[in-house]
There are 2 protein chains.
Amino acid sequence: MRQILSRLKGLLLTIILISSLMLSLNEGDHEGLLHLASGGSEFSSAYLFLFFIISGAVAGRFVARKLNQPEVLGELLFGVIIGAVLFQLNFPEMILLRHQQETQAAVEIMVKEGTSLKTALESIPTIDEREKESLLKIAADEKYTHYDLTIKSILLFSNLGVLILLFLVGLESSIEEMIRVGRPSVSTAVTGVVVPSLLGTGISYILLPDKSFSLHLFMGAALSATSIGITARVFRDLNKLQLPESKIVLGAAVIDDVLGLILLAVVTGIVKQGSIDALSVAAIFGKSVLFLGITLYVGSKFLRQQIKIAAILDNRNLRLLFPFALLILLAWISEAVGLSGIVGAFAAGLIIKEEYFNEALKDKERSVKQVIEPVESIFAPVFFVLMGIQVDVSAFANTTVLGLALLLTIAAIFGKLVSGVFTKGLDKKVIGIGMIPRGEVGLIFAGIGKSIGVLDGNMFSSVVIIVILTTLITPPALKWAFDGYDSRNKT
Amino acid sequence: MRQILSRLKGLLLTIILISSLMLSLNEGDHEGLLHLASGGSEFSSAYLFLFFIISGAVAGRFVARKLNQPEVLGELLFGVIIGAVLFQLNFPEMILLRHQQETQAAVEIMVKEGTSLKTALESIPTIDEREKESLLKIAADEKYTHYDLTIKSILLFSNLGVLILLFLVGLESSIEEMIRVGRPSVSTAVTGVVVPSLLGTGISYILLPDKSFSLHLFMGAALSATSIGITARVFRDLNKLQLPESKIVLGAAVIDDVLGLILLAVVTGIVKQGSIDALSVAAIFGKSVLFLGITLYVGSKFLRQQIKIAAILDNRNLRLLFPFALLILLAWISEAVGLSGIVGAFAAGLIIKEEYFNEALKDKERSVKQVIEPVESIFAPVFFVLMGIQVDVSAFANTTVLGLALLLTIAAIFGKLVSGVFTKGLDKKVIGIGMIPRGEVGLIFAGIGKSIGVLDGNMFSSVVIIVILTTLITPPALKWAFDGYDSRNKT
């Protein structure tokens with residue numbers, strides 16, 4: 001009892017300290033001056049948010065473990081909960097976070113046309129009125145730049161988090177292994193893009209017969225792209241990265257990214273010009289293949305030597321600095337050719353081999369994996385908590401949207417579930433479920449559809465619901481599929 | 001020969017790949033659409049910059065080691081060189097980086113008054129005409145938001161870098177050790193603030209007799225604050241953190257931060273109201289003491305238990321996640337009370353003891369220090385390279401400025417050199433040199449002086465030169481002082 005009291009005392013003191021400080025924060029200009037004068041950085045709110053995200057992720061993982069679920073589910077749900085709470089409490093950071101695309105577009109218009117931020121925001125068409133009002137209020141808030149900076153800082157952490165995660169996933173595989181699963185990966189990727197797109201277009205056509213065909217096309221395309229972050233994380237949480245099924249899903253995700261780019265070019269070509277722009281399709285395909293080809297070639301031929309040269313320059317933290325530098329470089333290049341950064345990060349992991357470092361450094365103390373994993377544990381949870389935070393629960397409130405969204409979600413899930421149908425002798429369930437999650441790519445498709453006036457707010461909300469449901473379903477579903485897999489392979 | 005050729009081939013291929021990609025980058029809107037569609041993040045340029053900074057830092061450290069200099073000098077000089085080159089090449093990111101304060105102020109005016117960015121920038125008074133022109137051009141550039149985001153991302157890394165560095169420095173000390181050097185630390189801090197301020201005010205008064213006394217006060221105050229980053233890094237590079245002299249300098253830096261805040265309140269009070277605002281001086285002092293007192297009390301009394309509780313929640317990366325979370329939390333709190341974030345980070349290091357984790361986790365595999373050091377090796381070099389990048393070599397071109405600046409620099413150096421005069425039985429040279437570096441705090445003093453119209457552009461440039469010279473002199477000077485120290489203590 002006494003011990004508990006003494007523990008509580010520490011906690012209480014901490015809480016009193018923090019809250020009295022928070023109260024003392026808003027003391028006007030003078031305070032601001034001092035804050036600046038002391039070298040107080042503009043990033044202090046970002047630190048506080050990061051602190052809460054990292055602590056909350058720890059709590060979420062703990063709960064998920066107790067419930068015998070993949071840890072990532074705990075991070076996602078923690079995000080959903082604090083997202084809903086903070087949004088209800090009108091936290092400006094939360095509103096900005098949920099409206100990143102709109103604010104970004106507004107700032108670009110502002111710069112391009114030299115208008116004020118307010119005018120630019122007003123010209124953005126498709127935000128709903130109430131939310132536009134709160135956005136306008138925030139944009140006129142003296143602290144707007146601080147809110148914006150906080151969001152951007154967290155987004156940077158989140159982006160780096162998923163890059164480091166995919167790097168580690170790549171590290172546990174190799175080029176040779178990926179080539180071995182090349183054929184089933186291609187069939188999985190193609191099936192997983194074609195089936196949901198056709199289903200989505202069909203359902204949209206049947207349910208909304210009076211809408212344009214472009215709309216149906218966009219809805220279909222929005223269902224096509226798998227978001228690999230969730231699946232990769234569950235594979236890691238459950239220690240299943242070495243299974244052939246996992247390799248196939250990872251390979252398919254890379255190909256999926258290329259296919260998604262091509263599909264977007266096709267769909268926007270049809271909508272804008274009424275025809276397929278064969279040249280840009282060829283260009284995308286060529287650039288993607290060139291990037292992957294050169295990376296893997298240079299990686300397998302010259303990386304060993306480059307690591308030896310780097311070891312001469314600096315051998316102290318080589319196992320961290322070299323992989324990290326390579327991963328951000330390849331992420332940049334892959335984004336430069338139009339692919340997603342995670343493809344580059346994954347490729348960086350693929351081409352790096354632990355033995356290169358063991359040779360160059362002549363010690364085997366700690367592996368690259370052991371050095372990078374702690375760094376990942378800071379960054380990656382930010383990505384998943386942020387995914388949860390961006391879940392807008394109110395999307396479920398509109399019943400007409402909800403009906404359409406649920407049907408499309410079923411199509412989205414079924415379309416990916418069958419994606420492993422052409423793989424032989426493997427667990428098609430694991431592959432199919434692994435391909436289910438949709439993420440930012442689906443949202444971006446829908447966002448472009450909205451920005452060129454093809455999709456309305458309801459259609460966009462449907463895509464949001466699809467993303468939410470497929471994201472939250474996947475971790476427990478994969479766990480369940482692997483439980484079956486394990487018990488089958490044991491007996 | 002053949003081997004060299006084959007190595008060059010790899011390098012050449014990499015260069016061709018990168019440059020062809022860079023050329024293919026600007027293909028207009030279509031590309032942008034695809035880039036966005038693929039989930040391509042807005043952070044890709046930030047990745048590229050980070051890649052170059054991290055690689056360059058490796059090269060800089062290598063050269064410094066070869067020249068038998070502290071590694072940090074290599075990072076600083078690499079920064080100076082690429083800063084000068086990129087600035088000459090008119091890199092927008094570089095121009096924005098050098099004019100952070102002005103752009104920040106402009107954006108704040110823009111938000112507050114609802115004007116366009118251009119109007120806001122034009123209303124910022126004290127930028128020189130040519131530079132204002134290039135700023136206006138960048139602010140109207142379509143890619144402005146990308147440039148801005150890149151800068152902010154690098155600044156976030158840089159800020160975190162110096163926090164993690166100071167945390168590690170704190171980790172190698174303890175509350176008890178700091179209390180032991182309390183008295184000499186106070187005397188060093190007070191002497192090191194009073195002497196340079198008086199000298200600076202005096203020199204300014206003698207050289208510029210027709211200027212206002214407020215100007216002399218501000219010039220003096222700008223010389224007062226030690227920037228501990230450089231010194232802390234050199235202590236670590238040379239493995240001297242355990243010496244009593246090092247502890248005194250670190251303690252003095254914390255006290256120095258409090259004194260700097262008080263001095264600023266006094267000086268602005270005198271300039272604005274003609275009197276000292278005793279209440280705000282007391283408030284600053286009270287808040288600082290309260291923060292440090294509560295932190296150290298809670299830390300020494302309850303941290304052991306809190307780590308045990310945290311170990312129940314998540315024991316996998318506890319040695320990284322707990323210290324990191326604590327460090328950003330205390331950095332936020334210390335910035336909230338007006339102190340600099342590094343004071344909080346340093347305090348976090350002071351209160352954490354390796355034994356707490358050894359008890360809670362019942363393993364001794366890797367210490368907190370061993371886990372955090374790799375993370376530091378990514379972030380901290382960004383801080384020092386960025387310091388170098390921000391060195392504006394052209395400040396030295398103006399001969400009237402240069403004369404004044406050199407005299408003030410001598411005063412700044414001398415004033416800190418004597419700061420250890422009241423310490424007994426210790427190497428006063430090491431202490432004095434350790435206190436020499438001025439940094440962002442001096443610039444912020446000067447910046448505030450400029451913004452309230454007390455200082456003109458020339459005076460501001462003088463402070464820039466003082467910061468540059470004291471920063472670049474310290475690493476080799478400390479090395480030299482320690483060489484003497486070592487040879488004396490050996491014989």
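In the text below, chain A, chain B and the rest are named by the order of the sequence lines, each starting its count at 1.
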Per-residue contact mode, [X] against chain A (heavy atom under 4.5 angstrom):
X	answer
Phe322(B)	neither
Glu113(B)	neither
Thr115(B)	backbone
Leu50(B)	both
Lys301(B)	neither
Asp314(B)	both
Arg65(B)	side chain
Phe379(B)	side chain
Asp141(B)	backbone
Ala325(B)	both
Ile372(B)	neither
Ile378(B)	both

Count the heavy-atom pairs under 4.5 Å between each of [options] and chain B, then report the option with the highest count.
options	value
Leu117(A), Thr119(A), Leu160(A), Val63(A)	Leu160(A)
Thr145(A), Ile342(A), Leu327(A)	Thr145(A)
Val371(A), Leu163(A), Val375(A), Leu321(A)	Leu321(A)
Asn317(A), Leu155(A), Val111(A)	Val111(A)
Ile54(A), Leu313(A), Leu326(A)	Leu313(A)

Is the closest basic N to carboxylate O distance between Lys143(B) and Glu108(A) below 4.0 Å?
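Judged by the 4.0 Å cut-off on N to carboxylate O distance, Lys143(B) and Glu108(A) do not form a salt bridge.
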Best-contacting candidate, [options], against chain A by heavy atom pairs under 4.5 angstrom:
options	result
Val258(B), Asp148(B), Leu320(B), Leu149(B)	Leu320(B)
Arg366(B), Lys152(B), Glu373(B), Arg61(B)	Arg366(B)
Leu303(B), Leu156(B), Val343(B)	Leu156(B)
Phe157(B), Phe324(B), Tyr144(B)	Phe324(B)

Which heavy-atom pair separates Ser116(A) from Gly114(B) by the least distance, and what is that distance?
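Nearest pair, atom of Ser116(A) first, then Gly114(B): CB-O, 3.1 Å.
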Give me the atom names and distance for the closest heavy-atom approach of Ala331(B) to Tyr47(A).
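Minimum heavy-atom contact is CB-CD1, 4.2 Å.
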Between Arg316(B) (side chain) and Ser377(A) (backbone), is there a donor-acceptor pair under 3.5 Å?
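No; zero donor-acceptor contacts below 3.5 Å.
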Side chain, backbone, both or neither: which part of Arg319(A) has an atom under 4.5 Å from a heavy atom of chain B?
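Nothing of Arg319(A), per the 4.5 Å heavy-atom cut-off to chain B.
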With rounding to the nearest 0.5 Å, note down the distance linking [atom1] in [X] to [atom2] in [Y].
X	Y	atom1	atom2	result
Ile328(B)	Phe43(A)	CD1	CZ	13.5 Å
Phe52(B)	Trp332(A)	CZ	CH2	7.0 Å
Met110(B)	Lys118(A)	CE	NZ	13.5 Å

